[in-house]
Amino acid sequence: NDVAWDSWLKTVLFIADSLGRDVNALAEIFADIAAPAATSRFEIAFESMSRVESLADCRIADVTTTYGTGFVETLVFRDPSSAGLSSGYTARRPDEFLTFRPKSNVAQLAVSTADRLDATSTVITSHLVQDQLAAMLFGLTIPGSFLPTTGCLSFFADSRDGGASFKVFAAELEAEFDVGELTTANSKDGPAVFIDDHRVILMLANPSFDDADEEEFDRSVLANIAESAFSESAPTRWTAR
């Protein structure tokens, strides 16, 4: 039940087919070892592969970092039909797919930031996922719910010893967005925001329900980490495919 049938399974089949593997044999093997319910869901995904022409059709984006090639599952927001008072059901809105098409290497920016944070030995970073930058994090004067990004990844940095834990975003803003609106939104008490051209690193402290005050992470250390991450993932070193 935990298999991501619309993304990772289709990606496995797509890559296997691209490498010349016999995907029909894979389907037969799956049917031999899987439960009937899983086999039925597999068959639906397998039959839909005739319409898959790229990883994007699998809701997957491939990325390249210092760790090699990796994959990011892209988000899709679905609006399930809901019952109405008189008409029975309301019309279902189309699915909203969040694309990942940055011009610079956002994945490397996130990886470099995570590596630098891990090197402090004060936090442990999690895996990367696609995300969105909420406009309210930068001030109430910025319109819209989310900033217009071409690519945004996030991860958690959890404290090793009860200190500061936070969520980290690495993103590239659309070229038309006025980055100057963000520079005035950074405050000492709010998220730590670092900007390099149209690339953004944001570090947002996790809410604490403990009465004891947690030790804050030194913002000068965070600034040095962001500066190094920007330098290590310079846009000129990577070409979007």
Side-chain angles (χ1 to χ4, degrees), residues 61 63 65 67 70-77 96-120 122-159 164-175 177-208 216-219 221-235 238 240:
V63 297
T65 70
Y67 290 96
F71 302 96
V72 175
E73 183 176 12
T74 55
L75 298 173
V76 58
F77 298 98
E96 180 184 353
F97 294 89
L98 202 63
T99 59
F100 186 82
R101 298 172 182 170
K103 300 298 181 182
S104 61
N105 195 341
V106 171
Q108 184 60 57
L109 180 61
V111 164
S112 295
T113 305
D115 283 347
R116 291 283 177 171
L117 286 169
D118 280 327
T120 66
T122 59
V123 295
I124 301 175
T125 56
S126 68
H127 59 282
L128 307 178
V129 297
Q130 188 187 29
D131 213 324
Q132 294 177 292
L133 279 175
M136 64 179 297
L137 295 176
F138 299 88
L140 300 178
T141 59
I142 299 176
S145 299
F146 299 98
L147 297 190
T149 61
T150 58
C152 178
L153 298 174
S154 69
F155 61 90
F156 289 97
D158 294 319
S159 173
S165 295
F166 44 92
K167 186 176 183 179
V168 182
F169 299 82
E172 178 190 81
L173 298 170
E174 292 182 354
F177 183 81
D178 183 7
V179 183
E181 296 184 29
L182 304 183
T183 58
T184 58
N186 201 2
S187 65
K188 183 177 181 180
D189 297 328
V193 182
F194 308 98
I195 303 170
D196 177 67
D197 191 13
H198 275 66
R199 298 185 299 164
V200 176
I201 296 175
L202 180 142
M203 303 182 186
L204 177 65
N206 294 338
S208 175
E216 292 189 2
F217 209 105
D218 189 339
R219 290 200 173 219
V221 173
L222 297 181
N224 290 335
I225 289 173
E227 182 180 2
S228 297
F230 282 134
S231 177
E232 293 171 2
S233 56
W238 185 77

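Note that this is a predicted model, so its numbers are computed, not measured.
For Glu174, the CD atom is densely surrounded, since the number of other residues' heavy atoms within 6.0 Å is greater than 12.
A pairwise comparison of heavy atoms in Phe138 and Leu147 identifies CE1-CD1, 3.4 Å as the closest pair. Across every non-hydrogen atom of Phe155 and Ala110, the tightest pair is CE2-O, 3.6 Å. Across Ile201 and Ala229, no two heavy atoms sit closer than the pair CD1-CB, 4.0 Å. For the residue pair Arg219 and Ala192, the shortest heavy atom distance occurs at NH1-CA, 3.6 Å. Here the shortest heavy-atom pairing between Val106 and Phe100 reads CB-CZ, 4.3 Å.
In this structure, Val193 and Leu202 have side chains that are in contact, with non-hydrogen atoms separated by less than 4.5 Å. Side chains of Phe177 and Thr150 form no contact here, defined as non-hydrogen atoms less than 4.5 Å apart. Inter-residue side-chain proximity for Glu232 and Arg116 is flagged as met; some heavy-atom pair is nearer than 4.5 Å. Under the 4.5 Å side-chain criterion, counting only non-hydrogen atoms from C-beta, Phe166 is in contact with Leu117. Within the 4.5 Å cutoff, the side chain of Lys167 has heavy atoms near those of the Asp131 side chain. Using a 4.5 Å heavy-atom threshold, the side chains of Phe194 and Ile225 count as separate.
Ser165 places a side-chain N or O within 3.5 Å of a backbone atom of Ser159 that can act as its donor or acceptor partner. When atom types are taken as modelled, the side chain of Ser112 and the backbone of Gln108 share a donor-acceptor pair closer than 3.5 angstrom.
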Show your reasoning for whether side chain to side chain donor-acceptor pair (under 3.5 Å) applies to Asp118 and Thr125. CA-CA 7 Å; Asp118 280 327; Thr125 56; 2.7 Å; yes

I would like to know whether Glu172 and Leu109 meet side-chain contact (heavy atoms from CB on, under 4.5 Å); could you show each step before the answer? CA-CA 10 Å; Glu172 178 190 81; Leu109 180 61; over 6 Å; no

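Rounding to the nearest 0.5 Å gives a distance of 9.5 Å between CG of Asp197 and CG of Leu173. In this structure, Leu128 CG and Leu153 CG are separated by 6.0 Å, a value rounded to the nearest 0.5 Å. The distance from the SG atom of Cys152 to the CG atom of Leu133 is 4.0 Å, given to the nearest 0.5 Å. Considering CD of Gln132 and CG of Leu98, their distance stands at 4.5 Å, rounded to 0.5 Å. Here the CZ-CG distance, from Phe146 to Leu137, works out to 9.5 Å after rounding to the nearest 0.5 Å.
Every residue was checked against the side-chain hydrogen bond (donor to acceptor under 3.5 Å, both in side chains) condition with Gln130, not counting sequence neighbours, and none meets it. Partners of Thr122 by side-chain contact (heavy atoms from CB on, under 4.5 Å), not counting sequence neighbours, listed by chain and number: Thr120, Phe217.
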